[in-house]
Amino acid sequence: MESIILFGLVLTLLFIGLPVGISLGLSSILFITFFSHDSLSSVAISLFGAGQHYTLLAIPFFILASSYMSTGGVAKRLINFAIASVGHFRGGLAMASVLACMMFAALSGSSPATVVAIGSIAIVGMRQVGYSKEFASGIIANAGTLGILIPPSIVMVVYAAATDVSVGRMFLAGVVPGLLAGVMLMIAIYVVARIKNLPAEEWKGFGNLIRGGKEAGWGLFLVVIIMGGIYGGVFTPTEAAVVAAVYSIFIALFVYRDMGPLKGQTWTNDDDAPHARVGFNGTVYGVSFFLVWEILSFFAFADSKTVTGGDRALWGGGFSLLLAIFYVYKRSSHLKESIVTCLLAGLPIWGRNLSLMLRGFFPALFGEESRKVMLEGTKTTIMLMFIIANALLFAHTLSAERIPQMITEWMLSVGFNWFTFLIAVNILLLIGGQFMEPSGLLVIVAPVVFPIAMELGVDPIHLGIIMVVNMEIGMITPPIGLNLFVTSGITGMSLARVVKAATPFMLVLMVFLILVTYIPELSTALPYSIMGPELVK
């Protein structure tokens, strides 16, 4: 009876038009006040605990990193790299859009951010070469959902916090399913492209592919820092989020220079001498290699007793110097200047750029564009954390009334096994995902289904990936599918047209959901081979 009253309060508040977060929190408070023996002080304790939850502290920093990566020119560089990689296939531009979404998902952890960043560029490009607006919009709406499946994922952080499982294992568990989902979407695009005779881009050679990789490299290296740092034992997922935010700010403002006072200022000028540009580029490659080497070797040898920081710096410096000399040697073969002359001539370019960065450091950090990005990131964080805090209060009320245990006992008494239980979970989440924001829905449902899953022998990490995939599909199903609204906003199409466009590719994700649900190795093989099995307390 208590469960009927509690869920009835939530549904009533939702149907009269209250926001999800308020509906969850208010229904919990009303239930505790009038129907429960629990103290109202538990409300304050639960809400305070949400702000003190160490795992949830990763969310604002991942959102900040996503905001800077979305505002900078990272998305455009990823699309160019994706086109250079798969654009020469039939339907290649659409496949490149999916690949770009996969790469951007690994930087942002957010589906709406992926749709906005990639869709605003890719849909226009697809329209220019002959793709229909519906086809392009359907692809982006579906591919954008990979933002919460490919790590790092904000939704995975929420699930880990709600069930007390490892964030690191959840991130690793999303790698294989994320790649599989992207490949399935690209295969579907290729089949449609062959049937409809969609265009293919011209293959421009491996040189273009390498150039695209170099341009996107600084953005993609964020993935290496996050994953390498976590699994190298250097920092926790929450600390990784902080590092990701700092790195994203530096790359957007000072390396790519797509925003802030340095916007539009290139590293080299047209009036720089050719041999000076060659020398500067050579030292850039050397310095870049040294930085990458220092980071990766730190991850690899952080616990080593024999390899010191000095050893790593010495090796890295030697390799970097050889790389710089080799580059200048190859590029200066048609010039009359020596290698040393080229390298020395590049130093003034370094001085000019370092001077620009020092003078523009504080104006870039506190300028109008940075303040705008910070404000947008803060708004998103407050909205999301408000929903999560109230959902945690609702979950506390469920636990205090032993509602999950009663549901577990009922399901076991009527003969549910792991197979039928997962069917029920998928149906529940697919329906709930149509009406609620993913993070809030996860915090509500996870505490209910988690103990049942453990009783039936379902792996906790496998369950998490199943729930995340359901949240993906929920983001492209009406009436509240967030990706549908975002796609509608950037294309100007009506919501009904976007739904119709997204439906054929959503069926691919439904097939993918079945595979993920009943082939647990897709989710568990990688994390357990690296970190071992998840031990439930």
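Excluded from the calculations below are hydrogen atoms, water molecules and symmetry mates; all remaining heavy atoms, backbone and side chain alike, are included. As the structure is a computational prediction, the values presented were derived from the model and not from experiment.
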Does a sphere of radius 6.0 Å around CE in Met383 hold more than 12 heavy atoms from other residues, nucleotides or ligands, not counting ones at 6.0 Å or beyond?
yes
Can a donor-acceptor pair be found between the side chains of Thr517 and Asn426 at a distance below 3.5 Å?
yes
Tell me the closest heavy-atom pair linking Thr145 and Met475, and the distance in Å.
CG2-CB, 4.5 Å
Any Met126 side-chain heavy atom under 4.5 Å of Ile140 side chain:
yes
Side-chain (Ser66) to main-chain (Phe62) donor-acceptor, under 3.5 angstrom:
no
CD1/Ile388 to CD1/Ile154 distance, rounded to the nearest 0.5 angstrom?
8.5 Å
Do Ser523 and Val516 come within less than 4.5 Å of each other through their side chains, counting heavy atoms only?
yes
Does the ring of Tyr256 carry Arg77 above it, NZ/CZ under 6.0 angstrom from centre and within 45° of its axis?
yes
Closest approach of Gly144 to Cys101 (non-hydrogen atoms, all atoms of both residues)
N-SG, 4.2 Å
Looking only at heavy atoms, what is the nearest atom pair of Ser97 and Ile118, with distance?
O-CG2, 4.0 Å
Ser248 side chain near Leu222 side chain, heavy-atom distance below 4.5 Å
yes
Anything under 30° is parallel, anything over 60° is perpendicular, the rest tilted; go ahead and classify Tyr190 against Phe89.
perpendicular
Please determine whether ring pair (Phe, Tyr, Trp, His ring centres under 6.0 Å) holds for the pair Phe505 and Phe135, giving the CA-CA distance in whole Å, both sets of side-chain angles, and the decisive distance to 0.1 Å.
CA-CA 10 Å; Phe505 294 101; Phe135 184 79; 5.7 Å; yes
Ser85 to Phe81 - nearest heavy-atom pair and separation
OG-O, 2.8 Å
Backbone of Ser439 reached by a side-chain donor or acceptor of Tyr159 within 3.5 Å
no
Go through the steps for Ile139 and Ile123 under the test side chain to side chain contact (heavy atoms under 4.5 Å, CB included), then give the verdict.
CA-CA 9 Å; Ile139 289 168; Ile123 291 176; over 6 Å; no
Within the side chain of Asn483, is there an N or O that forms a donor-acceptor pair under 3.5 Å with the backbone of Ala141?
yes
Side chain to side chain contact (heavy atoms under 4.5 Å, CB included) for Glu455 and Ile452? Distances and angles first, verdict last.
CA-CA 5 Å; Glu455 190 73 25; Ile452 308 172; 5.6 Å; no
Hey, is the main chain of Glu294 close enough, under 3.5 Å, to the side chain of Ser297 for a donor-acceptor pair?
yes
The reported gap from CD1 in Ile225 to CG in Leu220 (rounded to nearest 0.5 angstrom) is 11.5 Å
Any Val246 side-chain heavy atom under 4.5 Å of Val243 side chain
no
Heavy-atom pair of closest approach, residues Leu24 and Asn390:
CB-O, 3.9 Å
Side chain Glu376, main chain Val373, donor-acceptor under 3.5 Å
no
Shortest non-hydrogen separation from Leu78 to Ala216 and the atoms involved:
CD2-CB, 3.9 Å
If you take the centroid of each ring, where Trp contributes its six-membered ring, are Phe319 and Phe290 closer together than 6.0 Å?
no
Test item: Asn470 side-chain N/O and Leu429 main-chain N/O as donor-acceptor pair under 3.5 Å:
no
Look at the side chain of Trp218 and the backbone N and O of Ala252, then say whether any donor-acceptor pair between them is shorter than 3.5 Å.
no
Counting only N and O atoms by type, is there a donor-acceptor contact under 3.5 Å from the side chain of Ser153 to the main-chain atoms of Ile150?
no
Pro177 and its side-chain contact (heavy atoms from CB on, under 4.5 Å) partner, picked from Ile519, Val468, Ile465
Ile465
Quick check against the 3.5 Å criterion: does Arg90 have a side-chain atom that pairs as donor or acceptor with the backbone of Ile189?
no
Does any part of the side chain of Leu172, heavy atoms only, come nearer than 4.5 Å to the side chain of Ile530, both counted from C-beta?
yes
Within the side chain of Thr420, is there an N or O that forms a donor-acceptor pair under 3.5 Å with the backbone of Asn417?
yes
